[in-house]
> 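Below: one structure in structure tokens.
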Amino acid sequence: MTHAAQVDTSAVPADDTKESSSPPLSKTMIGLGFLLIVLSYMVNAMDRQVFPPLLPNIREEYGFSLEQGGLLATNFTLGMALAGLPAGYLLDRFRRKTVLLASIVIYSLGTMATPLATGFADMTLYRVVSGFGEGMQSAAIFAAMGAFFAHRRGLAFGVIGMGYSVGVFIAPLIGVELMSMHGTWHSPFYLFGSAGLLIAAISLFLVKSGLTETSVEKVVTTRTYEYMPASAYNRNTIALTVHAVVSGVAIYGFLGLYPTYLISSLHYSPEQAALAMSLLGFGGMTAILGGWLGDRVNQRNLLIISLLAVSAISVCIYETQATVGVQCVFAFLMGAFGLGFIYPNTNSAIQRAVRPTQIGRASGLFVTGYYGPAAFSGLLFAALVDSFGWSRAGMLQVTVLPLLGVVALAFVRPAQFNNAVR
């Protein structure tokens, strides 16, 4: 049986008692629904990444310190972390489409509220609310697509990751351009928030439940999983979660203050900093390649190589005082390994480390582990900058931390993944 045939016969809600009478989804509806999901995740990325390049102007308007700015740049991930485990619970008990649509509305409203802040406290609240919706959406998307594309999970996650990277690529360019046109940093937040609400409305009608509610057990009916640990919280998931924590702190600390570093330390213009930030997103578009490789090679070793690459690129970024062109090359490579390889493969590896019935919990565990500590990564990075300067701070947080992730990955046993050849 081909993979396409398997998808057609299983693309129905797992908890629907009338599923036998539900017609299979056409390839057109699968493609359209998947495209909308990818677009919604692209807007998710735009909401997240429009903030860092506008941070110097936001700090100037409100009088925020570097530490406060660093915290605001990354504290939305606290909301994502808070959403992770509850989202996993909801996904195991309610329709994934419902959770998905609600999450888009939540983070869009949080984004649109950000310019309405009167100070640090309420802006923090709006950022965390936005992150909570983004965390719910991440868990819902990866649980739903991880089940529907069970045999090509890494590639599917790579395509979704590419959508995210497109958002990272265009958000700084659009954000800075709109700020220049309107003379205020407010307009990008209203535009991106409205785009999310529009996609949620369209998805209500065009994303079919057959795409989001697939029962993964039906996709893999010929497999047995006695060789795997019974608990979702096993050696592999714990080691991968430690790696996710380390990666989240390193990568989000870097993303949150990278434009500030370019402007304040290397004296780039806001437009040059936005260009370098966009190249990060362009590099992240290699997620399709990263996910494709994750389906075909030892995923643990692929993650180890990617972490080592991030460490090496960090040295180049913070030690060479590179020109704009060279810095853009470094930004592209950081996006390729940090967003294109590490993110989708960590996510899919955690799902492969549990039995198929536990995918919802695995998705929530990833969101909590990756985004929870990352909420304070900007604050940590800013504190390190104040104490040691940009060069040493970058070495400590973006060079050394990934090496700890390599140590954690040494404890992972891919032979106990649910896609292992027995």
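This is a predicted model, so every value here is computed, not measured.
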> Mind running side-chain contact (heavy atoms from CB on, under 4.5 Å) on S165 and M42 for me, showing each step along the way?
CA-CA 7 Å; S165 298; M42 182 187 75; over 6 Å; no
> Take atom CD of E60 as the centre, draw a 6.0 Å sphere, and report whether it contains more than 12 heavy atoms from other residues, nucleotides or ligands.
no
> Can you find a heavy atom in the side chain of L211 that is under 4.5 Å from one in the side chain of M29?
no
> What's the shortest heavy-atom distance between P53 and V176, and which atoms?
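Heavy-atom minimum between the residues: CB-CG2, 4.2 Å.
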> Check whether any side-chain heavy atom of L275 lies under 4.5 Å from a side-chain heavy atom of C328, and answer yes or no.
yes
> Please determine whether side-chain contact (heavy atoms from CB on, under 4.5 Å) holds for the pair S247 and L307, giving the CA-CA distance in whole Å, both sets of side-chain angles, and the decisive distance to 0.1 Å.
CA-CA 8 Å; S247 299; L307 285 173; 3.6 Å; yes
> Can you tell me how far apart CD (Q272) and NE2 (H267) are? Round to the nearest 0.5 Å.
12.0 Å
> Identify the heavy atoms of F366 and T346 that sit nearest to each other, and give their distance.
CE1-CG2, 3.7 Å
> Looking at F411, does the NZ or CZ of R235 lie under 6.0 angstrom from its six-membered ring centre and within 45 degrees of the ring axis?
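Not satisfied by the 6.0 Å and 45° rule.
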> Strictly distance-based, threshold 3.5 Å: is any side-chain N or O of Y268 a donor or acceptor partner for the main-chain N or O of A274?
no
> For residues H243 and G405, report the shortest heavy-atom separation together with the two atoms involved.
CB-O, 4.3 Å
> Just do the side-chain contact (heavy atoms from CB on, under 4.5 Å) check on T114 and S130 with the steps written out, would you?
CA-CA 9 Å; T114 300; S130 180; 5.7 Å; no
> Answer with yes or no whether the side chains of S348 and Q299 bring together a donor and an acceptor at under 3.5 Å.
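Yes - a donor-acceptor pair under 3.5 Å links their side chains.
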> For a quick test of reading the model, state the closest non-hydrogen atom pair linking Q397 to G253 and the distance between them.
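So the two residues come closest at NE2-CA, 3.6 Å.
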> Between Y225 and Q358, do the side chains contain a donor N or O and an acceptor N or O under 3.5 Å apart?
no
> Indicate yes or no for a side-chain donor-acceptor contact from T286 to the backbone of G283 under 3.5 Å, with no hydrogens or angles considered.
yes
> Looking at every heavy atom in both N236 and Q416, which two are closest together, and how far apart are they?
ND2-CB, 3.7 Å
> Could you pull out the closest heavy-atom pair between V310 and I342, with the gap in Å?
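Result for this residue pair: CG2-CD1, 3.8 Å.
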> Is any side-chain heavy atom of L396 less than 4.5 Å from a side-chain heavy atom of F381?
no
> Could you give me the CA-CA distance, side-chain angles and deciding distance for E134 and S103, then say whether side chain to side chain donor-acceptor pair (under 3.5 Å) is met?
CA-CA 6 Å; E134 290 165 356; S103 69; over 6 Å; no
> As an exercise, state the distance from CD of Q351 to CG of L365, rounded to the nearest 0.5 Å.
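Output value for this atom pair is 11.0 Å.
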> Please report the C-alpha distance between R352 and D295 in whole Å, then the side-chain angles of each, then the deciding distance to 0.1 Å, and finally whether the salt bridge (Lys or Arg N to Asp or Glu O under 4.0 Å) criterion is met.
CA-CA 11 Å; R352 284 169 170 157; D295 287 333; 2.4 Å; yes
> Run Y370 and Y343 through ring-ring contact (aromatic ring centres under 6.0 Å, His included) and show every step you take.
CA-CA 9 Å; Y370 189 78; Y343 184 87; 5.4 Å; yes
> For R59, does the CZ atom sit with more than 12 other heavy atoms under 6.0 Å from it, leaving out its own atoms?
yes
> Measuring only between side-chain heavy atoms, which start at C-beta, is N234 closer than 4.5 Å to M228?
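Sidechains of M228 and N234: no contact.
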> Q49 versus F192: any side-chain heavy-atom pair under 4.5 Å?
no
> First locate atom CZ of F332, then atom CG of L279, and finally report the distance between them rounded to the nearest 0.5 Å.
8.0 Å
> Under 3.5 Å, is there a donor on one side chain and an acceptor on the other for Q137 and S40?
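Their side chains do contain a donor-acceptor pair, which is all the 3.5 Å distance test asks for.
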> Starting from the C-alpha separation in whole Å, work towards a yes-or-no answer on ring-ring contact (aromatic ring centres under 6.0 Å, His included) for Y41 and F142.
CA-CA 11 Å; Y41 205 54; F142 289 110; 5.6 Å; yes
> Apply side-chain contact (heavy atoms from CB on, under 4.5 Å) to the pair F189 and D47, showing each step before the final yes or no.
CA-CA 7 Å; F189 291 87; D47 286 1; over 6 Å; no
> Under a 4.5 Å cut-off applied to non-hydrogen side-chain atoms, are M179 and T184 in contact?
no
> Going by atom types only, do R95 and S209 share a side-chain donor-acceptor pair under 3.5 Å?
yes
> When you look at CZ of F282, are more than 12 heavy atoms from neighbouring residues, nucleotides or ligands closer to it than 6.0 Å?
no
> Are V207 and F34 close enough that some pair of their side-chain heavy atoms sits under 4.5 Å apart?
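No, too far: nothing below the 4.5 Å cut-off.
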> Kindly say whether L303 contributes a backbone atom to a donor-acceptor pair with the side chain of N345 at under 3.5 angstrom?
no
> Look at the aromatic rings of Y318 and Y261 and report parallel, tilted or perpendicular, splitting at 30° and 60°.
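Ring orientation of Y318 relative to Y261: tilted.
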> Would you sort out whether E213 and K97 count as a salt bridge (Lys or Arg N to Asp or Glu O under 4.0 Å), showing the intermediate values?
CA-CA 7 Å; E213 315 306 318; K97 180 178 177 179; over 6 Å; no
> Starting at CH2 of W185, measure out to CG of N57 and round the result to the nearest 0.5 Å.
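The distance works out to 9.5 Å.
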> Walk me through whether F132 and F76 qualify under ring-ring contact (aromatic ring centres under 6.0 Å, His included).
CA-CA 7 Å; F132 189 89; F76 70 92; over 10 Å; no
> Find the distance between CD1 (I305) and CG (N301) and round it off to the nearest 0.5 Å.
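The distance works out to 6.5 Å.
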> Supply the atom-to-atom distance L257 CG to L379 CG, rounded to the nearest 0.5 angstrom.
9.5 Å
> Does the side chain of V412 reach to within under 4.5 Å of the side chain of P414, using non-hydrogen atoms?
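A side-chain contact under 4.5 Å exists here.
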> Determine yes or no for a side-chain-to-main-chain donor-acceptor pair under 3.5 angstrom, with R96 supplying the side chain and A140 the backbone.
no
